[in-house]
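Step one of this worksheet: look at the structure below.
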Amino acid sequence: MSEYNHREIEQKWQQFWEDNQTNRVEINQSKPKFYVLDMFPYPSGAGLHVGHPLGYIASDIYARYKRSKGFNVLHPMGFDSFGLPAEQYAIQTGQHPALTTEQNIARYIEQLKNLGFAYDWKREVRTSDPGYYKWTQWIFSELFNSWYNNKTDQAEPIETLTQEFAHRGNGRVDAVCDEETPHFTALEWKAMSEEEQYKMTLNYRLTYVADATVNWCPGLGSVLSNDEVKDGVSERGGFPVEQKLMRQWMMRITAYAQRLIDGLDTIDWTESLKEQQRNWIGRSVGAMVKFGIDGHAERNIEVFTTRVDTIYGVTFMVLAPEHELVAQITTAGQQAEIDAYLEKTKRKSERDRMADVKTVSGAFTGAYAINPFNEEKVPIYIADYVLAGYGTGAVMAVPSGDQRDWNFAKHFDLPIVPILDAQQNTDTEADATKEGKYINSGIIDGLTYAEATPVLVAWMEERKIGKAKINYRLRDAVFSRQRYWGEPVPVYYKKDSNGEPLPYLLPESDLPLELPPVDKYLPTETGEPPLGRAEGWKYHGQYEYELSTMPGWAGSSWYWYRYMDAHNNQEFASPEAINYWRDVDLYLGGTEHATGHLLYSRFWNKFLKDRGYVPEEEPFKKLINQGMIQGRSSFVYRFRLGISHRQGAGTALKELIPANALPAVFISKKKYDLWRRQTEGGSSYYDPEVVGVREEVNLLIKKLEENIREKYPERVGYVSIPTGEYSATDLHVDVNIVENDVLDIEKFKTTRPDIAGENAKFILEDGKYICGVEVEKMSKSKFNVVNPDDIVERYGADTLRLYEMFLGPLEQAKPWNTNGIDGTYRFIRKFWRLFYNDNGDWLVTDETPTKDELKVLHKTIKKVQEDIESFSFNTAVSAFMVCVNELGSLKCHKKAILSELVVLLSPYAPHITEELYAALGHEAGTLALATFPIWQQEYVTDDVFEYPIQINGKVRATISFPLDTVPADIQNEVLANETVQKWLDGKTPKKVIVVPKRIVNVVL
RNA sequence: GCCGGGAUGGUGGAAUUGGUAGACACGCAGGACUUAAAAUCCUGUGAGCCGAAACGCUCGUACGGGUUCGACCCCCGUUCCCGGUACCA
């Protein structure tokens, strides 16, 4: 092998790894385990672009590094292969989503293999594979068969609940369950029929059917979860979303709200990510208070408040328009007004409601609530600023302390009563202070905030009109999707004694419940989900199956366990595998999963732990978010040419001449900016550069005009360009034909046949066409997508891997710019030339390395190790470059140095290092078994330190001293130094600071 | 509005966390090799000033202040950018 040939080398080793199963991994009790995981990719039809592998490269480097440090490393890859895009495509083309998904995955795998990742491909999983989703269905079943016991603070099998029912009824059960669950005794329980008992348990199960207000998306024909809705439209596709009451499968994630918050303190994630989860769960500490209703002795309004202390400042109540009491308490006189308001809110979309935060609106019900503390009657309003889905859907309004209440009070001219002596200006705005002492506040007058709350809560609890309560923003998760391409829910329906359908679970022996074929991937005529189309799809030929499928997050909420034992068809993974691999030590992925995948996964994990299937409370110990790679779009500027016609021609402009007779004129970026400046007026008009461009453009236009007029003398008058920012259109140009912002004009012409040949004019600068640049999202429509395959073809995977890491800190968002890649490519070739000269001669010798060479090597080992440990991959790449540059200058070709360096670099550039490792005489493929080099202090430390000598904090000289020089000696010598003497100018310094191995500062 | 992150040469970025700001790389300029180009190698490259030269000077890490012998780093205030979130009672 003479010259470095990345194609040959990379292909050879990728084949070798595959043939020899080099990256195969098995349980090995004699080694510590380490689990590195990348977030589950969805295999989209567009394939990978250079942004995707960023995290995969980082995790691969880390995994290989850990392996060389003696860990048994699990580093798998697989596919979250159910999902909307494949189904949308199926709807359009009629192709089965399984087929397109299969093709997309094949393409992904090919691309991933091209990059040389050390995945154990034998462990690959796909959520849409029945062998996989059997276990997703199984976990669903386990959830169905469990309830949440608040006393033990964990999920338990439903049997422990029914045993308790038989023993003592549900009086002492403290469970997370439906609000309306009735009380019953053991006797009553035993008196129930089996069906009645079963129905009762449905109130407790961790997955259950309920009528829920859901995000209905007509455009997708499906329900979406909160995290799939952004700004009132669907995250995928951007279709409008509306609120609708539907019968849905739900997951009782709220049972885990507190544990989901507490667990965050035990894991190493970024603070911002944890904060997002905390906000999403939205814990607030407060109290429930019951207000009576005047004239409705049997009813009351329950409110949740975080400020019970302000209860004497309540001057009105507000209910959500959807609140169930509205219909019952509205007086005859106010009925019309309330109806009108309800009608108005219903028509407002969620989006309008959000956009319209400023406007105050509401309507009076005519009814009055009674404040239990002072028996005062306050009017009850409805208003859409109160959300039905939060708390109880009712608010006690304290206008002196809450700005929204204040706005409402002002608008409807309601009283504003201050309740703390520290409150200020309550007639111009609300003051939410907790300072001062209470006034106008009955039993808490004169107390402080800290004193008042316990008094109020005790008072309420005594009278059973309220209690302390912790409320969460988190809602139970809707689990049904009215779609085809997802896991079927393993449930069938039997008619109960009233003829109503009652859900029953499929037994485990009937799993997996496979997706049936359908003729179309659309809802049925009657509005049933697509599964309703499946011919004869019935349980035991007679019972209706559940027709909705599971949401996208179902399959990804437990997948990391499947990798531990990917082919097990007895269990989702064997206890042996689970207890060995336990949890993910390093999880890498984007922030977009902050409140979706990462929350649901933690939920399912906690559930599986409660039920004894897994050992760890938290599944992902450390998590790193790689920054998004943005696109860097290139632009060309095309003048908008206007043609005037000869007077009296009377023809529409576009008919004057054929469209292609008018050339396209493109102007280079800098000149375009200058051209635009001519309208700014002032001095720029006379700027010679501006004048120069103006003349150049006008000359060209004049020439064009003459040419055209020659051909169409009777029609064309003159050609002109508007001035200012409207003079040209900026057009995206494919970044792959632009290098260092210089447009490849020939390629540009071939991609745009309409402007080929003579039909395009380019106004250049320095003989080049320079494109404009903007950072945007990477997408096809912006022509800024860079395909890793192209880069690999041209520079090789090793170079791409190094370059992606070199680009900057892993966690930072950055635009992709291929410009710098030559630097890493040069580095790789320089590295190669330490082993081979240009004639292909082997240069490596067995000579003993010098001290300098050892220092270069060990310095690099130290730096690279520290950088990998702190995930600072970009600086590690620099360290390699420095190292190779220095070894190059030292003309070092010594085996003792180079073989260590090869191992050191192997996590970053696995192919070239395998090749050279073998060339150094090692058995092929054994690099994976090599141990990470260990740096030695003796080679790294210098004997002298070069002290920067500052005068008043500015460096004026440097002087070297042996490391063990005492500060007094340093000071003496520094003061004697010529440069220092010059600055001292005969004076005595005020102070001399000597920091050993750092700096000397002489203060004048 | 609130929460989180950030702002350093023409560009991507570095700086042992209070101790020589700009490592490394791109780009650019000049040179060597070559008939030429590519590749490769060498030199220079924050801005400005002085100069024959200097391991000369001044300014310089978004802006304004402060603490310190010494500040990209700590504190106070301001501007802008990115991400998240939003009537949450």
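Keep in mind that what you see is a predicted model, and the values were worked out from it rather than measured. In what follows, every chain begins at residue 1, and chains take the letters A, B, ... in the order their sequences are listed.
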Length of the CG-P vector between A:Leu598 and B:G84, whole Å:
15 Å
At less than 4.0 Å, is any side-chain N or O atom of A:Arg404 found next to OP1 or OP2 of B:C88? Yes or no.
yes
Please measure how far the C1' atom in B:G4 lies from the corresponding atom in B:G22, and state the result in whole Å.
28 Å
Return the set of residues passing ring-ring contact (aromatic ring centres under 6.0 Å, His included) with A:Trp935 (not counting sequence neighbours), or none when no residue passes.
none
When the P atoms of B:U8 and B:C2 are considered, how many whole Å apart are they?
25 Å
Is it the case that atom CD in A:Gln937 sees more than 12 heavy atoms from other parts of the structure closer than 6.0 Å?
yes
Checking N1-N3 plus N6-O4 or O6-N4 for Watson-Crick, or N1-O2 and O6-N3 for wobble, each under 3.5 Å, the partner of B:A15 is none
Only pairs with both distances under 3.5 Å count, Watson-Crick or wobble alike; so what is the partner of B:A38 in this structure?
none
Mind checking A:Val395 for me? I need base, sugar-phosphate or nothing, with any heavy atom below 4.0 Å counting as a touch.
base
Rounded to whole angstrom, note down the P distance from B:U45 over to B:A23.
10 Å
Suppose we define a pair by two distances each less than 3.5 Å, Watson-Crick or G-U wobble; what does B:G4 pair with here?
B:C82
Mind checking if A:Ile993 touches a base, just sugar-phosphate, or nothing, with heavy atoms under 4.0 Å?
base
Say we look at B:G56 and B:G51: how far apart would their C1' atoms be, to the nearest angstrom?
9 Å
If each of A:Gly808 and A:Asn952 is mapped to the nucleotide of RNA chain B with the nearest heavy atom, which maps nearer the 5' terminus, i.e. the 5' end?
A:Gly808
Polar contact flag, side-chain donor to acceptor under 3.5 angstrom, A:Ser878-A:Thr875:
no
At 4.0 Å (heavy atoms only), tell me whether A:Gln950 reaches a base, stays on the sugar-phosphate, or touches nothing.
base
Hey, could you give me each pair passing salt bridge (Lys or Arg N to Asp or Glu O under 4.0 Å) that has a residue in residues 871-888 of chain A? Not counting sequence neighbours.
A:Lys859-A:Glu886
Quick one: is B:G6 close enough that its OP1 or OP2 comes under 4.0 Å of any side-chain N or O from A:Gln812?
no
Earlier contact from the 5' end, RNA chain B, for A:Gly391 and A:Tyr803
A:Tyr803
Looking for any heavy atom pair under 4.0 Å, which part of the strands does A:Pro815 touch: base, sugar-phosphate only, or nothing?
nothing
Any salt bridge (Lys or Arg N to Asp or Glu O under 4.0 Å) pairs touching residues 271-288 of chain A, not counting sequence neighbours?
A:Asp265-A:Arg278, A:Glu271-A:Arg278, A:Glu275-A:Arg278
Return the value, rounded to whole Å, for the distance between atom CZ of A:Phe880 and atom P of B:A23.
21 Å
Nearest whole angstrom, please: distance from the C1' of B:C26 to the CG of A:Asn817.
8 Å
Taking B:A32 as the reference, what is the distance to B:C24 when you measure between their P atoms (whole Å, please)?
25 Å
Listing, residues 989-1004 of chain A side-chain donor-acceptor contacts under 3.5 Å, not counting sequence neighbours, or none:
from      : atom 1 : to        : atom 2 : distance (Å)
A:Lys990  : NZ     : A:Leu1004 : O      : 3.3
A:Asn1001 : OD1    : A:Gly953  : N      : 3.1

Without decimals, in angstroms, what is the distance between A:Glu886 CD and B:A25 P?
11 Å
Listed by chain and number, what are the ring-ring contact (aromatic ring centres under 6.0 Å, His included) partners of A:His323, not counting sequence neighbours?
none
What does A:Asn1001 touch in the nucleic acid at a heavy-atom separation under 4.0 angstrom: a base, only the sugar-phosphate, or nothing?
base
When the C1' atoms of B:A47 and B:C41 are considered, how many whole Å apart are they?
30 Å
Can A:Arg829 be said to sit on top of A:Tyr825's aromatic six-ring, NZ or CZ under 6.0 Å from centre and within 45° of the ring axis?
yes
Applying a 4.0 Å non-hydrogen cut-off, can you work out what A:Val882 is touching in the nucleic acid: base, sugar-phosphate, or nothing?
sugar-phosphate
May I ask you to verify if any side-chain N or O of A:Asn279 is less than 4.0 angstrom from the OP1 or OP2 atom of B:C88?
no
What is the distance, rounded to the nearest whole Å, between atom CE of A:Met881 and atom P of B:C24?
11 Å
Mind checking ring-ring contact (aromatic ring centres under 6.0 Å, His included) for A:Phe827 and listing every partner two or more places apart, or none if nothing turns up?
none
Anti/syn call for B:U17, syn if |chi| within 90°
syn
For B:G22, the nucleotide meeting Watson-Crick or G-U wobble distances (both under 3.5 Å) is none
Taking any heavy-atom pair under 4.0 Å as a contact, classify A:Asn471: base, sugar-phosphate, or nothing.
nothing
Which whole-number value in Å describes the distance from A:Trp280 CH2 to B:G84 P?
12 Å
Whole-Å distance separating the NZ atom of A:Lys982 from the C1' atom of B:C55
10 Å
Please give me every residue in residues 866-878 of chain A whose heavy atoms get under 4.0 Å of an atom in RNA chain B, ordered by residue number.
A:Asn874, A:Thr875, A:Ser878
If anything within 90° of 0 is syn and all else is anti, what is B:G9?
syn
Taking N or O atoms only and anything under 3.5 Å, show me the protein contacts with nucleotides 58-62 of chain B, one pair per line.
from  : atom 1 : to       : atom 2 : distance (Å)
B:U58 : OP2    : A:Arg956 : NH1    : 3.2

Name each donor-acceptor pair under 3.5 Å that joins a side chain in residues 310-321 of chain A to protein atoms two or more places apart or in another chain, with its distance.
from     : atom 1 : to       : atom 2 : distance (Å)
A:Thr310 : OG1    : A:Arg307 : O      : 2.7
A:Tyr312 : OH     : A:Ile443 : N      : 3.3
A:Thr315 : OG1    : A:Pro415 : O      : 2.9

Under a 3.5 Å limit for both distances, which nucleotide forms a Watson-Crick or G-U wobble pair with B:C74, could you say?
B:G66
Would you say CD of A:Glu739 has more than 12 non-hydrogen atoms from neighbouring residues, nucleotides or ligands within 6.0 angstrom?
no
For the P atoms, the ones on B:G1 and on B:U78, what distance do you get once it is rounded to whole angstrom?
12 Å
In the strands shown, is B:G46 matched to any nucleotide by a Watson-Crick or G-U wobble pair with both distances under 3.5 Å, and which?
B:C59
Tell me, please, which residues at least two apart from A:Phe291 pass ring-ring contact (aromatic ring centres under 6.0 Å, His included).
none
Check the phosphate of B:C69 against A:Lys991, side-chain N and O only, distance under 4.0 Å to OP1 or OP2. Yes or no?
yes
What is the distance, to the nearest angstrom, from the CH2 atom on A:Trp269 to the C1' atom on B:G4?
16 Å
Would you please test A:Thr426 and A:Asp431 for side-chain hydrogen bond (donor to acceptor under 3.5 Å, both in side chains) and show each step?
CA-CA 6 Å; A:Thr426 51; A:Asp431 183 350; over 6 Å; no
Would you kindly say whether A:Tyr947 and A:Thr958 are connected by a side-chain donor-acceptor distance under 3.5 Å?
no
Under the salt bridge (charged side-chain N to carboxylate O under 4.0 Å, His left out) rule, collect the residues that match up with A:Lys855, sequence neighbours excluded.
A:Asp942
Take nucleotides 30-44 of chain B nucleotide by nucleotide from the 5' end and write B, S or -, depending on whether a protein heavy atom sits under 4.0 Å from the base, only from the sugar-phosphate, or from neither.
---------SSS---
Separation between the P atoms of B:U58 and B:A7, rounded to whole Å:
28 Å
